[in-house]
Chemist: 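My questions all concern the structure below.
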Amino acid sequence: MSNVKKRKLIDKGFHILVFLTTLFGLLILSILLFDILKDGLKWINIEFFTNFTSRFAEKAGIRAPLFGSIWIITITMIFAFPIGVGSALYLEEYSDDKKILTKIIKLNISNLAGVPSIVFGILGLGIFVNFLGFGRSILSGALTLTLLILPIIIVSSQEAIKSVPKELRHGAYALGATKWQVVKGVVLPYSLPGILTGSILAIARALGETAPLIIIGAVTFIAFIPESIFDKFTTLPMQVYNWSTMPQTEFHDLAAGAIIILLILLLGANAVAIILRNKYQNRIK
Amino acid sequence: MYAIQEKSKKINRNKIKKRNVKERCIKIILFLLASISILTTIGIVIILSRETISFLREVSIIEFLTGTEWTALFANPKFGVLPLVMGTLMIAVYGSFIAIPIGLGSAIYLSEYASEKTRKIVKPLLEILSGIPSIVYGYFALTFITPLLQKVIPDINIFNALSASVAVGIMIIPMISSLSEDAMKAVPNEIRQGAYALGATKFEVSIKIVVPAALSSIISSFVLAISRAIGETMIVSLAAGSTPKLTLNPLESVQTMTSFIVQVASGDVTHGSLIYKTIFAVGMLLFLITLIMNIIARMIIKKYREEY
Amino acid sequence: MNIKIDVKNLDFFYGDFKALNNINIEIEENKVTAFIGPSGCGKSTFIRTMNRMNDLIDGTKHVGEIIYEGKNIYSSEVDVVELRTKVGMVFQKPNPFPKSIYENIVFGPKRNGIKKKAELDRIVETSLKDAALWEEVKDRLDSSAWSLSGGQQQRLCIARALAMKPDVLLMDEPTSALDPVATSKIEELIGELKDKYTIVIVTHSMQQAGRISDNTAFFLMGKLIEYGETSKIFSNPEDKRTEDYITGRFG
């Protein structure tokens with residue numbers, strides 16, 4: 001009996017322990033959000049959006065990084081979406097799983113997903129900035145982020161494509177449709193919500209990336225809005241980094257303000273992804 | 001009549017031919033898109049090795065890999081990479097001291113103890129934690145963790161490895177907890193019930209049955225998380241400082257491989273200079289280390305699958 | 001004749017769904033009692049109340065009593081962990097732990113504080129012998145339990161339950177996932193085990209109930225329709241519904 005009592009006591013203690021570890025994560029999340037809101041909220045007003053950055057904290061704003069981020073993720077999406085979905089279609093619909101080449105592509109994608117983002121920055125610096133001569137431009141940054149988020153888009157698109165029921169495909173083939181007609185008419189429409197969900201999450205990742213763009217962009221004091229893909233740029237996370245490295249705490253608070261805007265954008269993207277996912281799941285049911 | 005039939009057959013054949021050409025073109029285009037990921041890897045390897053080889057023409061590989069002094073930005077530079085490697089590993093290891101127990105604890109709680117209702121609320125919240133960009137954790141380390149540490153340990157450096165370790169640890173918690181939880185959830189329920197029917201407590205079922213059954217995936221999640229910590233850049237750039245030092249003392253300011261690369265790239269670097277090449281040499285080392293760890297993680301899981 | 005388990009006015013609910021309706025039954029010691037009835041009749045739910053395995057499902061509740069050793073097993077006096085060490089269970093699908101054969105058997109005894117290697121070795125041997133598995137596995141006790149065949153795995157699960165020296169052994173359709181040869185081995189084993197244990201078995205096959213049980217209870221839609229000696233239930237049932245089921249008119 002005492003043995004059972006002891007074991008139950010251990011169980012209870014362990015229950016409390018693992019509950020506390022879970023609580024720790026949630027606690028950190030709330031502290032982090034509170035810390036950032038406390039520092040940054042007071043800086044957010046109209047001027048914060050319309051001003052460029054400045055040597056004086058009170059005159060500084062996020063006009064350039066906000067536009068820079070929008071430029072970067074738009075161009076990134078234009079490249080990454082078709083390449084990612086096309087790759088996934090090839091792997092799921094066209095490739096022969098037994099072929100060595102297919103295996104290599106799949107293995108390679110999972111390896112790429114584990115490569116640190118800064119290494120992609122170095123790749124971008126070597127290829128896009130210097131070798132292809134695009135310079136420290138939006139184009140170089142967007143191409144680099146494209147390569148970075150490709151594995152995410154490919155893998156999530158593959159999952160979405162896999163979920164298309166065989167019966168649907170066979171139904172279309174039985175009507176004499178060609179492979180591409182089946183893909184275009186059945187597979188893509190059916191898997192599109194899943195593909196979009198994954199792509200939005202990938203874009204959210206690109207929106208928050210800092211390291212590769214610092215390697216590519218370098219310049220963070222930018223006081224103009226980019227007008228073409230060959231212009232220099234800064235982004236919200238780059239601006240956060242830049243302000244955080246300043247010694248004055250006013251700039252740290254500015255960084256918190258920029259983080260708030262960044263988090264709102266990310267949360268918005270995630271919300272859209274969740275709504276899409278729910279709609280998608282309901283349809284499958 | 002016959003001639004018309006012949007003609008329509010010919011048109012039909014042309015149509016089929018055209019269609020087949022189109023189908024083949026589409027396949028080729030899609031294949032080319034899929035091969036971009038291969039080209040990316042080839043690109044990484046070529047770019048890194050080209051500049052690394054050129055770097056190693058000026059600095060001997062022995063000095064690079066075994067030297068204990070890294071003063072790349074000084075007038076009389078020394079290129080011993082060990083201090084950077086040490087700084088990187090120290091932060092990754094100390095970070096995982098925080099992340100492994102907490103991540104695994106959360107995973108056990110969510111998989112074994114929490115009710116379905118609690119799980120549905122807590123899991124998405126933890127997912128938010130994993131969606132926060134690392135620059136935000138860097139800011140958090142700098143403006144919250146470091147001041148907190150300074151209150152507890154007065155003589156700690158403003159830039160120190162400990163603060164960065166804590167933030168890196170927090171950042172990789174969701175990775176460990178979600179991968180481990182998935183692995184534990186995959187353990188069939190019948191096996192749990194078998195243990196409960198023998199009078200085992202929840203603790204015993206978790207620790208003696210579920211965790212051992214999912215062990216390979218759990219360990220591989222640790223490896224992946226540590227690999228992620230090794231490649232982490234923004235937290236260490238903001239919080240750990242930029243003093244390459246061969247030390248295991250977390251209270252000191254150190255430099256990691258990644259924060260060195262950022263430091264160089266943030267300055268004015270002339271294309272082709274020796275300092276430009278160090279980015280690639282250090283990057284190569286970083287790439288190899290994380291690649292090896294990811295391969296190890298995959299091998300751990302694969303080995304397990306063969307056993308049963 | 002001793003009563004081992006006495007169930008009084010038991011109702012059982014999954015959320016709002018009433019799965020068991022006013023069950024009253026007395027399980028006799030050292031007998032094999034079979035529960036039969038069509039799918040969804042509540043026989044599996046019922047056997048799982050007897051060692052409180054249903055506690056693991058959210059949103060279940062019960063009304064009534066299950067008296068074992070003079071106490072209601074649902075009362076606060078009775079510890080569920082201890083209860084399950086005395087009332088063992090074998091499941092539909094063999095569910096060995098992903099560990100060695102040896103480790104599967106000693107899992108329970110170790111939890112109960114038995115640490116000496118010699119004693120554990122002895123328990124492993126006797127349990128496996130009782131489960132008629134010893135001869136087949138004695139040379140490979142360290143190999144994975146998952147390397148055994150389905151029938152062997154199920155006998156291992158029985159041995160694992162026996163290692164706890166239980167009082168009652170609950171078996172929830174233990175042969176439904178097995179081939180005929182393995183099934184007959186398990187049935188033979190049940191005949192031998194009833195000298196030492198009280199056995200309750202849920203079975204989907206009436207032939208099996210007829211072959212191995214002393215008493216049979218027939219369930220229908222959450223109710224206990226008829227309970228008595230197996231020979232009587234099968235040859236001369238009192239209730240029309242029992243007769244319909246036995247003669248294969250439904251179910």
Side-chain angles (χ1 to χ4, degrees), chain A residues 7-8 10-11 14-15 17-19 21-22 24-26 28-29 32 35 39 83 86-87 89-91 94 104-105 108-109 111-112 114-119 122-123 126-127 130 147 150-151 154 178-180 204 208-211 214-215 218 237 240-241 244-245 252 255-256 259 262 266 270, chain B residues 19 22-23 26-27 29-31 33-34 36-38 40-41 43-44 47-48 51 101-102 105-106 108-110 113 122 125-126 128-129 131 133-136 138-140 142-144 170 173 201-204 224 227 231 233-234 238 258 261-262 265-266 271 279-280 283 286-287 290-291 294:
Chain A
R7 285 165 53 207
K8 293 203 83 168
I10 293 175
D11 182 46
F14 188 68
H15 188 166
L17 185 76
V18 292
F19 175 71
T21 59
T22 312
F24 178 84
L26 300 182
I28 289 288
L29 179 64
L32 186 142
D35 179 52
D39 292 349
I83 299 177
S87 306
L89 280 177
Y90 177 77
L91 290 173
Y94 286 87
I104 291 177
I105 294 178
N108 178 59
I109 288 168
N111 271 336
L112 273 183
V115 172
S117 64
I118 194 168
V119 172
I122 299 171
L123 173 72
I127 291 194
N130 291 325
L147 299 183
L150 258 187
I154 295 175
T178 65
K179 191 154 208 167
W180 176 241
E209 268 305 334
T210 323
I214 288 181
I215 309 298
V240 170
Y241 175 68
S244 300
T245 52
H252 291 180
I259 288 175
L262 179 64
L266 288 176
N270 275 290
Chain B
R19 199 190 65 200
K22 188 184 163 197
E23 287 287 318
I26 286 166
K27 184 172 176 176
I29 290 169
L30 292 179
F31 171 74
L33 293 177
I36 287 178
S37 67
I38 296 267
T40 307
T41 306
I44 290 175
I47 292 282
L48 289 180
E51 301 288 345
I102 290 174
S106 310
I108 292 174
Y109 177 75
L110 287 175
Y113 281 88
V122 174
L125 286 174
L126 286 182
I128 294 183
L129 212 52
S134 68
I135 179 79
V136 179
Y139 175 85
F140 186 61
L142 192 67
T143 63
F144 187 85
I170 292 170
I173 288 172
T201 62
K202 244 185 189 151
F203 166 72
E204 290 157 354
L224 286 177
S227 157
T233 309
M234 298 324 296
L238 280 177
T258 53
I261 295 171
V262 165
S266 311
H271 176 46
I279 295 181
F280 294 83
L286 180 67
F287 174 69
T290 51
L291 183 69
N294 291 339

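Per chain, numbering begins at 1; letters A, B, ... match sequence-line order.
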Chemist: Output the option from A:Ala204, A:Gly25, A:Pro116 having the highest count of non-hydrogen pairs under 4.5 Å with chain B.
Modeler: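 Highest number of heavy-atom pairs under 4.5 Å: A:Pro116.
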
Chemist: For each of A:Asp35, A:Val119, A:Thr245, tally heavy-atom pairs with chain B at distances under 4.5 Å, and name the one with the top tally.
Modeler: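 Highest number of pairs under 4.5 Å: A:Asp35.
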
Chemist: Under a 4.5 Å heavy-atom cut-off, does chain B meet the side chain of A:Leu32, its backbone, both or neither?
Modeler: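 When you check distances to chain B, atoms from both the backbone and side chain of A:Leu32 fall under 4.5 Å.
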
Chemist: For A:Ala211, is it the side chain, the backbone, both, or neither that has a heavy atom closer than 4.5 Å to a heavy atom of chain B?
Modeler: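 Both backbone and side chain.
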
Chemist: Counting only heavy atoms closer than 4.5 Å, note whether B:Ile44 contacts chain A via side chain, backbone, both or neither.
Modeler: both

Chemist: Just by distance, do the side chain of A:Asn108 and the backbone of B:Ser37 share a donor-acceptor pair under 3.5 Å?
Modeler: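 Checking the backbone N and O of B:Ser37 against the side chain of A:Asn108, a donor-acceptor pair under 3.5 Å is found.
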
Chemist: Looking at chain B, which one of A:Ile105, A:Leu112, A:Asn130, A:Ile28 has the largest number of heavy-atom pairs inside 4.5 Å, strictly under?
Modeler: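 Winner by heavy-atom pair count: A:Asn130.
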
Chemist: Answer with side chain, backbone, both or neither: which region of B:Glu204 has an atom nearer than 4.5 Å to a non-hydrogen atom of chain A?
Modeler: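 Side chain only.
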
Chemist: Using a cut-off of under 4.5 Å for heavy-atom pairs, which of B:Thr290, B:Leu238, B:Ile36 has the most such pairs with chain A?
Modeler: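 Most heavy-atom pairs within the cutoff with chain A belong to B:Leu238.
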
Chemist: If you draw a 6.0 Å radius around CZ in A:Phe19, do more than 12 non-hydrogen atoms from other residues or ligands fall strictly inside?
Modeler: no

Chemist: Is the ring pair B:Tyr139/A:His252 parallel, tilted or perpendicular, if the boundaries are 30 and 60 degrees?
Modeler: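 Judged by the thresholds at 30° and 60°, the geometry between B:Tyr139 and A:His252 is perpendicular.
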
Chemist: Taking atom CG of B:Leu291 and atom CG of B:Leu286, what is their separation to the nearest 0.5 Å?
Modeler: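 Separation between the atoms: 11.0 Å.
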
Chemist: Can you tell me which portion of A:Leu17 sits under 4.5 Å from chain B's heavy atoms? Options are side chain, backbone, both or neither.
Modeler: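 For A:Leu17, no heavy atom lies under 4.5 Å from chain B.
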
Chemist: Check A:Thr210 against A:Pro237 and note the closest heavy-atom contact, atom names and distance.
Modeler: OG1-CB, 3.3 Å

Chemist: When you look at B:Leu110 and B:Leu126, which way does the side chain to side chain contact (heavy atoms under 4.5 Å, CB included) test go after all the steps?
Modeler: CA-CA 11 Å; B:Leu110 287 175; B:Leu126 286 182; 3.9 Å; yes

Chemist: For A:Ile122 versus B:Gly283, what's the shortest heavy-atom pair and its separation?
Modeler: CD1-CA, 3.7 Å

Chemist: Would the distance check show the side chain of B:Asn294 and the main-chain N or O of A:Gly114 forming a donor-acceptor pair, the cut-off being under 3.5 Å?
Modeler: yes

Chemist: Which atoms of A:Asn111 are under 4.5 Å from chain B, going by heavy atoms: the side chain, the backbone, both sets, or neither?
Modeler: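 Both backbone and side chain.
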
Chemist: Quick one, A:Ile214 with B:Met234, criterion side chain to side chain contact (heavy atoms under 4.5 Å, CB included). Give me CA distance, side-chain angles, the key distance, then yes/no.
Modeler: CA-CA 10 Å; A:Ile214 288 181; B:Met234 298 324 296; 3.5 Å; yes

Chemist: Which answer fits B:Ile173, side chain, backbone, both or neither, if we ask what part of it has an atom under 4.5 Å from a heavy atom of chain A?
Modeler: side chain

Chemist: Please flag which part of A:Leu266 lies under 4.5 Å from any non-hydrogen atom of chain B: side chain, backbone, both or neither.
Modeler: side chain

Chemist: Can you confirm whether A:Phe14 sits close enough to B:Thr201 that some side-chain heavy atom of one is under 4.5 Å from a side-chain heavy atom of the other?
Modeler: no

Chemist: Quick check with a 6.0 Å cut-off and a 45 degree axis cone: is B:Lys202 positioned over the face of B:Tyr113's six-membered ring?
Modeler: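 B:Lys202 over B:Tyr113 ring: yes.
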
Chemist: Please look at B:Ile102 and chain A and tell me whether the side chain, the backbone, both or neither of the residue comes under 4.5 angstrom of a heavy atom of that chain.
Modeler: both

Chemist: Looking at A:Ile127, A:Asn270, A:Leu89, which one has more heavy-atom pairs under 4.5 Å with chain B than the rest?
Modeler: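 Looking at each option in turn, the highest pair count goes to A:Ile127.
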
Chemist: Non-hydrogen atoms of chain B under 4.5 Å away: do they reach the side chain of A:Phe24, the backbone, both or neither?
Modeler: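 Side chain only.
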
Chemist: Side chains of B:Phe280 and B:Phe287, heavy atoms from C-beta outward: is any pair under 4.5 Å?
Modeler: no

Chemist: Checking B:Ile47 against chain A: side chain, backbone, both or neither under 4.5 Å from a heavy atom?
Modeler: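 The answer is the side chain of B:Ile47.
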
Chemist: Heavy-atom cut-off 4.5 Å, strictly under: side chain, backbone, both or neither for A:Ile259 against chain B?
Modeler: side chain

Chemist: Rounded to the nearest 0.5 Å, what's the gap from CG on A:Leu123 to OG on A:Ser117? Could you check?
Modeler: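 Spacing of CG (A:Leu123) from OG (A:Ser117) equals 12.5 Å.
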
Chemist: Let's test your reading of the structure: which of B:Leu142, B:Ile135, B:Leu224, B:Thr233 forms the most heavy-atom pairs below 4.5 Å with chain A?
Modeler: B:Ile135

Chemist: Once you round to the nearest 0.5 Å, how far does NE2 of A:His15 lie from CD1 of B:Ile108?
Modeler: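 So the NE2 of A:His15 and the CD1 of B:Ile108 are separated by 12.0 Å.
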
Chemist: So for A:Leu262, is it side chain, backbone, both, or neither that comes closer than 4.5 Å to the heavy atoms of chain B?
Modeler: side chain

Chemist: Of the listed residues (A:Leu150, A:Leu26, A:Ile109, A:Val240), which shares the most heavy-atom pairs with chain B below a 4.5 Å separation?
Modeler: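 Among the listed options, the one with the most contacts to chain B is A:Leu26.
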
Chemist: Which region of A:Ile83, side chain (C-beta onward) or backbone (N, CA, C, O), has a non-hydrogen atom less than 4.5 Å from a non-hydrogen atom of chain B, or is it both or neither?
Modeler: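 Backbone plus side chain of A:Ile83, per the 4.5 Å heavy-atom cut-off to chain B.
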
Chemist: Need one label for B:Ile29: side chain, backbone, both or neither, based on atoms under 4.5 Å from any heavy atom in chain A.
Modeler: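 Looking at B:Ile29, nothing touches chain A.
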
Chemist: Pick whichever of B:Gly231, B:Pro101, B:Ser106 has the most heavy-atom pairs under 4.5 Å with chain A.
Modeler: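 Result: the option with the highest number of such pairs is B:Ser106.
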
